[in-house]
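To start, the structure itself, in structure tokens.
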Amino acid sequence: MSEKNRFPKNEISGTTGASADSSVDMAYDVSSDVAARALHGRESSAQSSDIPDKPVLFHSVQLDESLCVGCTTCIRFCPTKAIRVRNGKARISADLCIDCGECIRRCPKGAKKAVSDPLFLLDGFDLRVALPAPSLYGQFALHYSHADIFEALHHIGFDEVFDVAWGAVEATRLTRTLIEGADVFPVISSACPVIVRLIQQRFPSLISNLLPLIPPVEIAAIEARRLLSGFQGRIGVFFLSPCTAKVTAVRWPLGYQRSMVDAVFSLKDIYPSLKKAIEALSPDRQPSNGTALAECQSLDIPAHSPASKISYSLPYIGDLEPGLGWARSDGELEALRIPDAVSVDGISNVIDLLEAIENGDIHSIRYIEALACPGGCVGGPMAVENPHLARSTMRQRCEHIQHSDLQHRQALSPSKALSPLQPDMASSSTSLTRSAAEALRLYGWTIPLKPKPVRVLDQDFAKALAMAEDIERISALLPGIDCGACGAPDCQSLAEDIVRKLAVLEDCRIPRICISDQSEPREDKR
Amino acid sequence: MKFEYTIPAMDFMAAGKASTDMKRRLTQLGLPLELIKRVAISMYEAEMNVAIHGQGGRAEVEITTECITARFVDHGPGIADIELAMQEGYSTASEEIRNMGFGAGMGLPNMKRNSDELLIESTLGEGTTVTMRFYLGRGVS
């Protein structure tokens, strides 16, 4: 096995993640910013929510120029039409990109990358807390229990593990409360950061429909920090996630001032070492025995091993099943159990539904779970397992969460929990002594989300109208076949780019425009 | 500037395209969200009417610095009693259409509520023309 598959503390580096070789032409250094936050008490991070017009300077979704052949595949699938091919290379507009990862899925050359935080950031902290996304549990076959995975996370270097599923259970409770008090319907889930940005940009009239609640990972992060507040030292909170948009959202939060997460690690980055640890820890559960045990001996357990240092232990909370379900589409609704709710996944399906809502065509629906990735979070760009398999695994895990699993986990805990949390969340999801109102003060949005319609032609209406007329005039000259050869996703976009002076008519490669309009001064060049 | 759309008969997937396209254009023009929403809802209802009752037709939308005028023209059966048609809940839609979730008798009332002016011209056996006007209001000249 290569060194890459190990996770010892001094060799940790982003593998699929923030690789030094990806050509990032942005005035923003990912790792140094996160490191700066880590080292300087989290105050240095730039926040944009309070300054709505400040552009997002970092995107998780980036282009590796060396691999891009300028084929124009990505431009057609981008839901915000954020990509243009210029001089043979794709260019992603930082203003328009919502980090959905659709281009990562579509690029035939693998030139689109998900940039997450590098694993070496673990080193800057005295206590490292893993917040596994529910979808993490879908990356491993069913014969590895939740407890096995939990334990393996300890072994690869995390001192504490706190399930984001817990945040999802809490979010479910608060969602019910918020729906009861809502006056705009349908309420739209804000758990998926891609959807929140999509609405902010393309469906701004639906901002008031968004659930004003921070996402489960932030709820979990706040709670983990609170439970560990007695720890003397630097606590690092790390989200283990399949989601590119979360990497961006931690830097540019939506609806809240700042993230309580220090870094987002891609499931792809942690998978190899986690898989090895799981296999080593539960050799009996291996379908084919032998190799895993051998590797067990060679696996470097970081010096910082949990057994030696756990003195503050997060509680292993009981019934996380409804929260774990959030890993896949429908999970949020199954946890909510309210009538008149709809689940939609896949960004183009979400767009269709949002259009219908804006047209006033959706009646008597109270809640919408909208997830950008096909199949939900298990379909995230930084997941490892096939999303369909992961989806099925998650369903089965939730159905058959064994009681023994829970007992096993409790037995694992070397010390008693310090928290007031009860082990059984099933009996009352409010086992936190907090009331819903109190919890909403902690977990509700604190900054109203501002519309960000980035496509306004001109602030002056008369000028904008004149430009719109130009767009129509130019559009009439174009062939209308949306071939993409010009580098824009469709003829309409090229016409808009021309009027915005980002392109010229000659960018159209289809010859018939040359004879179409005599009034075009550029035409005689051909 | 003017836009034209054709609205095919009974094609519920296509109906809504004009409204969606106009929404995008009005957003580009930087118009207030509240106005865009009203235009989108009104246009969608009108499109559905043309598709369901009017046997298809066309839409013409004109945008000036003062107002947006959307005209929907069909050559369907016409409306016998416009006053009755304007009542909430009144609909001549078939059982089949109602089963599809349309024909609740809210179309015209919704259009009236969301537009600044609504004019319905109809001749039995010849068709219907619905014209809606939305004023851009102050601050957008």
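Letters A, B, ... mirror the listed sequences (proteins, then strands); counts begin at 1. Only a predicted model underlies this, so the values are computations on that prediction, with no experimental measurement involved.
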Residue that, paired with Arg24(B), satisfies side-chain contact (heavy atoms from CB on, under 4.5 Å) out of Gln492(A), Glu355(A), Arg202(A):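 Answer after filtering Gln492(A), Glu355(A), Arg202(A): Gln492(A).
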Region of Glu496(A) in contact with chain B, defined by heavy-atom distances below 4.5 Å: side chain
Region of Asp352(A) in contact with chain B, defined by heavy-atom distances below 4.5 Å: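 Neither part.
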Arg71(B), CZ atom: more than 12 neighbouring heavy atoms under 6.0 Å: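 At most 12 heavy atoms, drawn from other residues, nucleotides or ligands, come within 6.0 Å of this atom.
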Sequence neighbours excluded - side-chain hydrogen bond (donor to acceptor under 3.5 Å, both in side chains) pairs with any residue from residues 4-17 of chain B: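 Applying side-chain hydrogen bond (donor to acceptor under 3.5 Å, both in side chains) to every pair that reaches into residues 4-17 of chain B, excluding sequence neighbours, yields Tyr5(B)-Asp21(B).
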For the atom pair [atom1] ([X]) and [atom2] ([Y]), what is the distance rounded to the nearest 0.5 Å?
| X | Y | atom1 | atom2 | value |
| --- | --- | --- | --- | --- |
| Phe203(A) | Thr27(B) | CZ | OG1 | 9.5 Å |
| Ile357(A) | Lys37(B) | CD1 | NZ | 9.5 Å |
| Met1(B) | Ile471(A) | CE | CD1 | 7.5 Å |
| Leu354(A) | Thr20(B) | CG | OG1 | 11.0 Å |

Tell me, do [X] and [Y] make a side-chain contact under 4.5 Å, heavy atoms counted?
| X | Y | result |
| --- | --- | --- |
| Leu33(B) | Pro451(A) | yes |
| Asn359(A) | Lys23(B) | yes |
| Phe3(B) | Glu472(A) | yes |

Which of Ala356(A), Gly360(A), Ala464(A) touches chain B most, by non-hydrogen pairs under 4.5 Å: Ala464(A)
Smallest separation among heavy atoms of Leu457(A) and Leu29(B), with atom names: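 Taking Leu457(A) first and Leu29(B) second, the nearest heavy atoms are CD1-CD2, 4.5 Å.
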Over all atoms of both residues, closest heavy-atom pair of Phe461(A) and Ile63(B):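 What the structure gives for the nearest pair is CZ-CG2, 4.1 Å.
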Contact origin within Thr64(B) toward chain A - heavy atom pairs under 4.5 Å: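 Answer is backbone: N, CA, C or O of Thr64(B) sit under 4.5 Å from chain A.
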